[in-house]
Structures are given as structure tokens and as C-alpha cells.
Amino acid sequence: MDDRTRVAIAGGGPAGMFLGLLLARAGIAVTVLEKHADFLRDFRGDTVHSSTLTLLDELGLGPAFAAIPQRRITQVAAQLDSGTARIGDLSRLHGPHPHIALVPQWDLLELLADAAAREPGFRLLRNAEVTGLLRDGASTTADDGDSPGGGRVTGVVWRDRADGARTGAEHTLGADLVVACDGRWSTVRDAAGLTPRAFGVPMDVWWFRIPRHEGDPDGGFGRASRGQFLIMVDRGEYWQCGYIIRKGADAKLRAEGLEAFRARLAALEPWLADRLGDVPPSFDDVKLLEVRLDRLERWHLPGLLVIGDAAHAMSPVGGVGINLAIQDAVAAARILEPALQRGGPVPESALQSVQRRRWWPTVLVQGFQQGAHRGVVGRILDEDAFAGPAGPADDELPLPLRLLERFPALQAVPARFIGVGPLPEHAPRWARR
């Protein structure tokens, strides 16, 4: 299939699907290319934040989303050896959704896909893996090592994975604008020759599941101890767990064996011990997330815009990456709609306006995450720092947590930062239903 669209969006994740829906509701011809046959991927970010829930209401999708089985988080707590402290109280947020909803990401994406499919200008191509870019009559791929400035981007090259992941037929799709929403390992970004600036991180994450029993705590919390850090998110029948490991320690820890890992978990959270006999069943059920924290200095080239994780990969600290990506998409739709309605190439000044709008929220959140890496996560994971016996300081909560406990109203600050974000975006008038 060699054809054309007004906007080609690479990647059918939250940013890509929200952007596709919004532009389609503006009457703009838009094609989303998703490389998989469906949205069923495990251990993707399953948090839908307060600002996103408000956005769904504005789009007329609130009732449909509410019908999806879900859990809700209203409190975020940390359990240390010295005690338990509430970090954020989302019930203090103003607005209709003082909570974070937990749903499988594929349910949210299918909801967006169904809504977008009702718009005549929308098209979703599944099994469509974008492998390169069209640029002024030529094409480039991620392997070409191209550099910025190699001509205007005029479309994408994509492979039909239904014919085979590596041998599928190749097609081209011309477009007046290509938007890269293909995540932290973005093929489009690499094909464009855009290289993000990386910030060092001290951790990776193991994702896995543990059965949840009646009487277990509700909501989500983190358990930190000397050299260990576990995140647990209540998913109803099971806990979605993130075990924080030191950067690059995956192979070493796997070599120690499952029994050693289970023993670590039981020592960290003794109330889990009765269900760890064969959990996780194997290391195949423990998925590694290689944590990245990076940011492009420039999110655009003529004919190309990069947003979401492709423009700024976020750490899982705070769980805010999805929220930021969705807000990028909403801002992009609102800012670009007038230029897209006029026809012809989209001026690069409009693309620059998108980056200018979303730049400072990105820098602010990444700065917070860098501080958390240095001041909290890195220190917890540094087992050498705990070589000696526990001292009096280990029996006392850190000062910031003591302040949050003593003055509960302060818990609204981290709750807003996590649940809403520093610059929430709202649906344009023309996209509301």
C-alpha cells in the first residue's frame, strides 16, 4: 500500500492514540501506525491520572471509561524500617477525580481506538512497523546514521508485520506531518538523526506479579529498606510489583537464582512470605525495565515532530511518564490544528511552539526525578552505605516525611504533582463531545 495522509503518527500508545483521536475530531486525515496486532502488552504503565480522567470527561468518554473494571489510588505511602509515612493524599485534589485509576493500558487504548474509528478521517494500521522516513523523495532508516537537516520529512516507510516481523512487505505513506510517538527506543527519532541527552540513573526495575489476599493493604505504596526498594500497586486480584535493582545488576541477580530473590522479598515484606513458594514461577515472569532518563534538545525538524517518551524518556519515579506524554499530545493537537486546517506543509514555527509549551513541565519533572534518584533511590540501593549496624537515625523518618505526617495538608503538593502535573492540558473546544 503506497498512499498518503495529512498526519502520520508512529506509535499507537497513549500519546499516539490521544493525538490521533483529537486530530480526527478536527476533521483532519490522520493515520496511526501501530507495530503490533493488538495493544496487549504486560507491565505497561497502567495508571490513568486525575488530569487524564478530566480529559476523558471533556472528550465525552468518561462514562465509557468508568465502565471499565478498575482500582483507584487515593493515598501514596512509603514504608521504611523506621515507620510508614503518607507521601501524597490525592483526595485533597480539587475536581471530579481526586484519585488515580488503575486499568490495563490496552483497555484505555481500545477505548480511544473505538472513539477515533467513529471519525471519518481516522485510520489505525495495526501490524505496521515504521522502519524509516521519507525525506524529499529519498528515505532514511534508523541504521543510516543520518543527521538533522537532511531535507524535509515527507512521510514514513513501514513494514507489514502480518507478513512476518522481519520479512513483511514494505510500504510508504506520504504525509504533510509525521509525529513520532514510538517511545523511548524511537525508530523515527533515530532515523531523523536526533540524539537525546541522557542523564545517569542508578536503577533498573523488575516487574512481576504476586497474588493479593483478602486483608492485604489497599492502594499503592513503596517499601524501602537497607539496600532494597519494592513498589506494590493494588490491582485487585494481584499486586503489580516493581523491584528496584541497581543499574546493570540484572544478570548478576538472576544468576543468584529464584530462591535467593524470593528470600529477599520475604525478608523485605514478611507478610508476603506465605505466597512466595512458587512466585514468581520463573525468571521469564520477571520483566526487566531498563530505566532511562533523557531529553531531546530539539523536538522537531521540517515535517517532523517528536513527543512523549520519544522526546523525553522518564524515570518510573512518580509514575508520571504517561501523563506527560498525553499532555504533549493534547498540546500538539491544539497548537497544530490551525496550520493543519490551512493545508500544505506545517510551518516549523508551529512545531517549535509545541516544544516551547511542553519544555518547562518536562524539565521540571525530570529535575524532580533526578533529585529523587540522587537523594532517595541511589542511597537506598547503595548497600555499602548500610555496612555498619543500624543507628538511632534509622529509627526516625527522614525530615521531609516527618513534615508531611505532621502537616497533612502538605500532602496535597506531591499529590498534585503526581496526579495532575505541573501544566495540565485540556481538550480543545472542537474536540469535545
Side-chain angles (χ1 to χ4, degrees), residues 13-15 17-19 21-22 25 45-78 85-105 107-109 111-112 115 218-221 233-236 307-308 314 316-335 357-358 360-362 364-365 368-369 403-405 407-433:
M17 292 307 301
F18 265 104
L19 180 59
L21 170 62
L22 290 168
R25 285 191 172 182
D46 293 340
T47 54
V48 183
H49 293 241
S50 179
S51 53
T52 303
L53 294 168
T54 299
L55 175 62
L56 290 168
D57 288 344
E58 294 167 350
L59 296 174
L61 300 176
F65 181 84
I68 299 173
Q70 58 193 262
R71 306 287 286 183
R72 293 182 175 181
I73 292 178
T74 58
Q75 305 256 341
V76 180
R86 286 174 296 178
I87 297 174
D89 183 358
L90 284 92
S91 67
R92 295 179 177 274
L93 295 178
H94 299 294
H97 302 288
H99 58 267
I100 292 174
L102 297 170
V103 300
Q105 191 178 109
D107 286 338
L108 172 64
L109 297 178
L111 172 68
L112 298 173
D218 295 322
F221 60 91
V233 180
D234 175 5
R235 298 306 304 272
I307 63 172
M314 312 300 291
V317 170
V320 296
I322 295 171
N323 204 34
L324 275 178
I326 291 171
Q327 292 175 18
D328 284 0
V330 178
R334 186 183 66 252
I335 293 169
R357 169 76 178 179
R358 297 303 307 164
W360 75 261
T362 299
L364 181 63
V365 172
F368 163 78
Q369 291 183 331
L403 290 174
L404 289 171
E405 281 291 294
F407 304 105
L410 294 177
Q411 295 174 23
V413 177
R416 179 172 175 82
F417 191 82
I418 294 171
V420 177
L423 183 61
E425 305 285 355
H426 293 276
R429 177 188 54 78
W430 41 261
R432 301 192 181 206
R433 297 290 185 270

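In this chain, residues are counted from 1 in sequence order.
Note that the OG1 atom of Thr52 and the CD atom of Gln327 stand 6.5 Å from one another [nearest 0.5 Å]. Expressed to the nearest 0.5 Å, how far CZ of Arg71 lies from NE2 of His99 amounts to 13.0 Å. Between atom CG of residue Leu22 and atom CG of residue Leu55 there is a gap of 6.5 Å, rounded to the nearest 0.5 Å. Rounding to the nearest 0.5 Å gives a distance of 10.0 Å between CG of Leu423 and CG of Asp328. In this structure, CG in Leu364 is found 9.5 Å from CZ in Phe368, a value given to the nearest 0.5 Å. Rounding to the nearest 0.5 Å gives a distance of 6.5 Å between CD1 of Ile326 and CG of Leu108.
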Determine, stepwise, if the pair His426 / Val330 fulfils side-chain contact (heavy atoms from CB on, under 4.5 Å).
CA-CA 7 Å; His426 293 276; Val330 178; 5.9 Å; no
Report the C-alpha separation of Val365 and Phe417 in whole Å, then their side-chain angles, then the decisive distance to 0.1 Å, and conclude whether the side-chain contact (heavy atoms from CB on, under 4.5 Å) test is met.
CA-CA 9 Å; Val365 172; Phe417 191 82; 3.9 Å; yes
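The backbone N or O of Ala331 sits nowhere less than 3.5 Å from a side-chain atom of Glu425 that would complete a donor-acceptor pair. Side-chain N or O atoms of Glu58 include none that pairs as donor or acceptor with a backbone N or O of Arg432 at under 3.5 Å. Proximity of a side-chain donor or acceptor of Asp89 to a complementary backbone N or O of Ala412 within less than 3.5 Å is not detected. Here the side chain of Thr362 pairs a donor or acceptor atom with the backbone of Arg358 at under 3.5 angstrom.
Counting all heavy atoms, side chain and backbone alike, Pro422 lies closest to Pro424 at C-CD, 3.9 Å. Nearest heavy atom pair, residue Leu59 against residue Ala431, reads CD2-O, 3.5 Å. When all heavy atoms of Val420 and Asn323 are compared, the pair lying nearest together is O-ND2, 3.3 Å. Taking all atoms of both residues into account, the shortest heavy-atom contact from Trp430 to Arg433 is O-NH1, 3.4 Å. Taking both residues in full, the closest heavy atoms of Pro414 and Leu410 are given as CD-O, 3.2 Å, listed atom of the first, atom of the second, then distance.
Between Arg235 and Pro104 there is a side-chain heavy-atom pair separated by less than 4.5 Å. Counting heavy atoms from C-beta on, the side chains of Val233 and Ile73 come closer than 4.5 Å. Residues His49 and Ile418 form a side-chain contact, since some pair of their non-hydrogen atoms from C-beta on lies under 4.5 Å apart. Between Pro98 and Thr74 the shortest side-chain heavy-atom distance does not fall below 4.5 Å. The shortest distance between side-chain heavy atoms of Asp57 and Phe65 does not fall below 4.5 Å. Counting only heavy atoms from C-beta outward, the side chains of Leu102 and Thr47 approach each other to under 4.5 Å. Using a 4.5 Å heavy-atom threshold, the side chains of Val48 and Leu53 count as touching. For the pair Phe18 and Leu56, the minimum side-chain heavy-atom distance is below 4.5 Å.
Counting non-hydrogen atoms of neighbouring residues, nucleotides and ligands closer than 6.0 angstrom, the CZ atom of Arg92 exceeds 12 such neighbours. With a 6.0 Å radius and a threshold of 12 heavy atoms from other residues, nucleotides or ligands, Arg429 has its CZ atom at or below the threshold. By the 6.0 Å contact criterion, CZ on Arg334 is enclosed, its count of non-hydrogen atoms from other residues, nucleotides or ligands being greater than 12.
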